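Both ligands and their constituent atoms are indexed starting at 1 by order of listing. Everything numeric in this text was worked out from a predicted model, so none of it was measured. The residues of the chain are indexed from 1 along the displayed sequence.
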Amino acid sequence: MGKSQTALEVALEQLEIAAEKLKLEPEIHEMLKYPKRSLIVSITVKMDNGCTGVFRGCRVQHWDARGPFKGGIRYHPNVTIDEVTALAMWMTWKCAVVDIPYGGAKGGVCCNPKEMSKGELERLTRRYTSLLLDFIGPYRDVPAPDVYTDAQTMAWIMDTYSQFKGYSVPECVTGKPISVGGSEGREEATSRGVVICAREAAKTLGIRLKGAKVAVQGYGNVGWNAAKIAYDMGCKIVAVSDSAGGIYCQEGLNPYKIYEHKSKTGSVINYKGCENITNEELLETKCDILIPAALENQITKANADKIKAKIVAEGANGPTTPEADEILFRKGVFLIPDILANSGGVIVSYFEQVQNQMNYYWSEEEVRAKLKETITNAFNDVLSMARQHNVNMRVAAYMLAVKRVADAILARKGKAVTTIENSSSPI
Ligand code: NAD
């Protein structure tokens, strides 16, 4: 994402590029620029000190032509309606590109969870849920965790929703604890998807996965699990990092041991036998596969030329800026865009809801096999689109996603979609 551009501006530009390449009907393009519904709520919460806290929240529902809205809920002091709108739009594309039957949504509450007690967070979550009650549900909009919300938050939402209904409705949210209908394999699903995509890219380029050198930026949920899964598949993990810095070892690291070391010391750095490196050096490490799994805006026009990896698999959201995209494409780097590479989490969220609705549960092996099939098909669909139109994988992913949503709108409305009034009034 360009520094001067907001997330929403980037999202609209991406839509514009895809619309132009697809020669999308202007009416459909106009529809997809705006969310179908944005709900703003004011959440009053009894705080531990006896005062009443008032928090602003929202739920943005972008498009649901292909199925119920789906997307996470984020608790963060800087949440804005524009950012949540962009995130909702990206969810529409992410679900469409991997061909799961959902639309896109996102929710946000302006609060600082680090300064709130568990009781305050529970009361906030329950009140927020009750304000959304008429707009969410298994067939309407299915929330999930996002920044600073987790399985516990989802269990509170499920419990509040079920209390209002009068019976248990586990399928109203995903990312729940296993004890209340969560799915096996959900925790590492995003990373497994990232590594499967990298494996497919390696196959396409004729790189042997066994012994392929991998560098991973970020050692949180996505980074550590990706390093572990790649290692288990036979890759050689040569560098990893976290916010304190990185480590490099030409002979290869054991990610399980690095995880233990990080658990004890708080960071991956200063591991015996490894060289400490900076995060900049990690990105420029000589390797076959680079997995950025930390933050946005890591590969920019300043360092894109120095990237030596043959494959970049975006575990994080938005780690590569649009200028860097161009540079990597020209250099022949095979980039797997975030909406495809990190879609494993939402794919297994879909499986979680399917299991809840059947009330019949799959083993971890079954979940993994279905994830592999879904994400591999999506990878191949995007690759075909990229080859057919001679565009990079990111543009191809957006084209495929926008086309699938547009096709659903057209099928539902018939071909004669015309805009009577092109209103651009600011709301
Ligand atoms: P996390 O908080 O568990 O881990 C983030 C990691 O990044 C930590 O190890 C942290 O030390 C490291 N980090 C922070 N600043 C850094 C820096 N400047 N340089 C290097 N490392 C740094 O988060 P996560 O759940 O692993 O998510 C990582 C990224 O993946 C985010 O962009 C997130 O939006 C995206 N993502 C996550 C999921 C999921 O299922 N968790 C799904 C899709 C996308």
In terms of its nearest heavy atom to atom 28 (C) of ligand 1, the top option of Ala316, Gly315, Ala293 is Ala293
**Polar side-chain atom of Glu120 near backbone of Ser117 as donor-acceptor pair, under 3.5 Å** = yes
query = Can you find a protein heavy atom under 4.0 Å from atom 23 (O) of ligand 1?
reply = no
Of Gly193, Ala341, Gly223, Ala294, the one whose closest heavy atom lies nearest atom 31 (C) of ligand 1 is Ala294
Heavy atoms of Ala324 and Thr320 approach each other most closely as CB-CG2, 3.7 Å
Check: Ile289 and Leu209 side chains under 4.5 Å, non-hydrogen atoms: yes
- Query: Within the distance-only criterion (no hydrogens, no angle test), does the side chain of Asp381 pair as donor or acceptor with the backbone N or O of Ala397 below 3.5 angstrom?
  - Reply: no
Check your understanding: Heavy-atom contact under 4.0 Å between Ser243 and ligand 1?
Key -> yes
Atom 37 (C) of ligand 1 has as its nearest protein heavy atom Val222 CG2, 3.5 Å
So for Asp242 against ligand 1, with non-hydrogen atoms under 4.0 Å, the contacting part is both
Under 4.0 Å between heavy atoms, the region of Ala189 that gets near ligand 1 turns out to be neither
inquiry  = Given the ring of Trp224, does Lys228 sit roughly above its face, with NZ or CZ under 6.0 Å from the centre of the six-membered ring and within 45° of the axis?
reply    = yes
field: Distance flag for atom 15 (N) of ligand 1, protein heavy atom under 4.0 Å
entry: yes
For atom 39 (C) of ligand 1, the closest protein heavy atom turns out to be Thr190 OG1, 3.6 Å
Distance col, row Leu132:CG vs Cys172:SG, nearest 0.5 angstrom, shows 11.0 Å
Closest to atom 17 (C) of ligand 1 by heavy-atom distance, out of Leu295, Asn317, Asn221, Asp338, is Leu295
Before signing off on this row, confirm whether Tyr219 and ligand 1 have an N or O atom pair separated by under 3.5 Å. yes
A student checking ligand 1 against Gln217 at a 4.0 Å heavy-atom cut-off should list atoms 19 (N), 20 (C)
In this structure, atom 19 (N) of ligand 1 is nearest to the protein heavy atom Asn279 ND2, 3.0 Å
Sequence neighbours excluded and cut-off under 3.5 Å, please list the side-chain donor-acceptor pairs for residues 96-110, or say none.
residue	atom	partner	partner atom	Å
Asp99	OD1	Arg66	NH2	2.9
Tyr102	OH	Gln353	OE1	2.7
Lys106	NZ	Asp146	OD1	3.1

the protein heavy atom lying closest to atom 4 (O) of ligand 1 turns out to be Gly220 CA, 3.2 Å
The reported gap from CG in Leu22 to CD1 in Ile17 (rounded to nearest 0.5 angstrom) is 12.0 Å
Tested for side-chain contact (heavy atoms from CB on, under 4.5 Å) against Glu171, the lone hit among Val142, Asn359, Asn356 is Asn356
